[in-house]
Amino acid sequence: MQAISWKGSYLSLLNQTLLPNKVEYIQCRDYRTVAKAIKNLEVRGAPAIGAAAAFAMVLGIRELAVRPELTDEKISVLAKELKKTRPTAINLAWAVDRMLGVVQRYKQDSDLLDKLEQEALLIAEEDKQVNYRLAQYGAQLFTQPTAILTHCNSGTLATVDYGTALGVIRRTWSEGNVSRVFADETRPLLQGSRLTAWELMQDHIPVTLITDSMAGWVMKQRMVQAVIVGADRITSNGDVANKIGTYSVAILAKEHNIPFYVAAPLSTFDFSMRSGDEIPIEERKPEEITFLSGVCVAPDGVPVFNPAFDVTPNSLITGIITEYGVLRTPYEISIEKLKAKKGDM
Ligand SMILES: CSC[C@H]1O[C@H](OP(=O)(O)O)[C@H](O)[C@@H]1O
């Protein structure tokens with residue numbers, strides 16, 4: 001079940017806020033509907049929102065092209081409106097900038113709109129192929145049945161297909177080397193319980209749901225032999241922004257001598273940033289914490305801090321699984337070698 005699907009005249013999005021209880025799709029016939037869906041996490045996950053934003057650029061420029069003049073100013077406003085929907089995942093800005101590059105190169109061409117659609121379709125297809133390759137490298141890390149803990153959702157629902165961390169788990173499972181997956185529920189929006197548990201059960205992969213606060217205890221009980229998570233932005237030194245709670249899991253893994261892997265495509269790397277201290281962390285509305293399924297679970301007016309992401313320092317990361325192989329520390333050097341490949345994208 002894919003998170004996003006291009007239909008030629010509109011973008012179909014699986015509304016992830018309704019899962020696992022309802023499977024409903026949103027038909028996005030203009031870029032504003034896509035922007036709203038990204039902001040509301042109806043579509044979410046770094047690579048998925050990148051691809052969605054690419055198709056939003058197609059819809060937006062189609063709309064602008066029918067007006068008297070397709071000006072740089074109007075195109076810039078469109079790009080900025082999409083980029084500001086969610087600031088942490090670099091994939092979104094990367095995809096929008098890649099589409100802007102097509103506009104700048106082919107703006108005078110009569111088939112500009114076709115070229116834009118082809119580029120968005122290429123971004124989506126590349127993500128799928130990248131995830132399959134990344135999963136192969138990740139599966140090579142496991143040579144015997146392993147219990148793996150994961151946080152949030154980095155599966156098919158977070159990408160164009162197959163997933164990153166869950167892609168590694170899927171491939172490792174197919175090779176007989178996953179004994180069990182522990183899925184953190186991932187408060188406050190429950191991507192783990194609502195999405196990861198649902199995805200893995202669809203694939204008949206043995207998943208056990210736990211609350212975020214149980215991660216340490218299952219590690220202490222030696223029920224977990226590895227951790228794999230996704231990423232929203234990786235800086236040049238290997239620091240990783242990911243869903244809030246990832247840093248805590250990384251600290252716990254270190255304490256229990258459990259390998260902690262990050263799975264992410266090249267499009268999630270931000271070579272312009274030297275360290276995770278520079279990554280903008282999205283803060284979201286208090287109601288995501290004070291309400292649960294529409295029921296108030298906190299005193300009215302209580303002050304709330306709701307960062308959607310945290311940053312795990314490279315010192316806590318055993319390896320970063322990419323479509324070019326598994327990067328190891330010192331990350332500055334291994335990521336520098338990766339940088340040359342991003343120029344081709
Ligand atoms: C395959 S990357 C998915 C990544 O995105 C998630 O964040 P959100 O659900 O807010 O879009 C989470 O950080 C995942 O690791």
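One-based numbering, in listed order, for ligands and for the atoms of each.
K115 and E117 are not joined by a salt bridge, as no carboxylate oxygen comes within less than 4.0 angstrom of a charged side-chain nitrogen. Ion pairing between R171 and E175 holds under the 4.0 Å rule for side-chain N and carboxylate O.
Side-chain atoms of S5 and K7 include a donor-acceptor pair closer than 3.5 Å.
Closest protein heavy atom to atom 6 (C) of ligand 1: R44 NH2, 3.7 Å. The closest protein non-hydrogen atom to atom 3 (C) of ligand 1 is N153 O, 3.5 Å. Among protein heavy atoms, atom 1 (C) of ligand 1 sits closest to T164 OG1, 3.3 Å. The shortest contact between atom 7 (O) of ligand 1 and any protein heavy atom is with K243 CE, 3.5 Å. Residue, atom and distance of the protein heavy atom nearest to atom 15 (O) of ligand 1 are N242 OD1, 2.5 Å. When only non-hydrogen protein atoms are considered, atom 13 (O) of ligand 1 lies nearest to D232 OD1, 2.5 Å. Of the protein's non-hydrogen atoms, the one nearest atom 2 (S) of ligand 1 is A231 O, 3.4 Å.
Atoms of ligand 1 lying under 4.0 Å from any heavy atom of G45, numbered from 1 in the order shown and given with element: 3 (C), 5 (O), 11 (O). Residue A158 has at least one heavy-atom neighbour below 4.0 Å for each of these atoms of ligand 1: 1 (C), 3 (C). Close approach to P47 involves these atoms of ligand 1, each under 4.0 Å from a residue heavy atom: 1 (C), 2 (S). Under a 4.0 Å criterion applied to the non-hydrogen atoms of S154, ligand 1 contributes the atoms 1 (C).
By the 4.5 Å heavy-atom criterion applied to side chains, L157 and L19 are counted as neighbours.
Considering E125, E126, R133 in turn, E125 is the only one that fulfils the side chain to side chain donor-acceptor pair (under 3.5 Å) rule with Q129.
Surrounding OH of Y106 are at most 12 heavy atoms belonging to other residues, nucleotides or ligands under 6.0 Å away. For Q144, the CD atom counts as loosely surrounded, since its 6.0 Å shell holds 12 or fewer non-hydrogen atoms of other residues, nucleotides or ligands.
Ring-plane geometry between F142 and Y261 is classed as perpendicular, the angle between the planes exceeding 60 degrees on a 0 to 90 degree scale with a lower cut at 30.
Assignment of A308 to the shell around ligand 1 is not supported, since no heavy atom sits closer than 4.0 Å.
In terms of N/O distances under 3.5 Å, ligand 1 is approached by Q191. Ligand 1 has a nitrogen or oxygen under 3.5 angstrom from a nitrogen or oxygen of R86. Ligand 1 has no N or O atom lying under 3.5 Å from any N or O atom of C152, backbone or side chain. By the 3.5 Å distance cut-off applied to N or O atoms, H151 is not counted among the residues near ligand 1.
Although no hydrogens or angles enter the test, the distance criterion places a donor-acceptor pair under 3.5 Å between the side chain of H151 and the main chain of I244.
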Subject >> Steps toward side chain to side chain contact (heavy atoms under 4.5 Å, CB included) verdict (K39, K84) >> reply: CA-CA 9 Å; K39 182 71 186 163; K84 76 178 182 185; over 6 Å; no
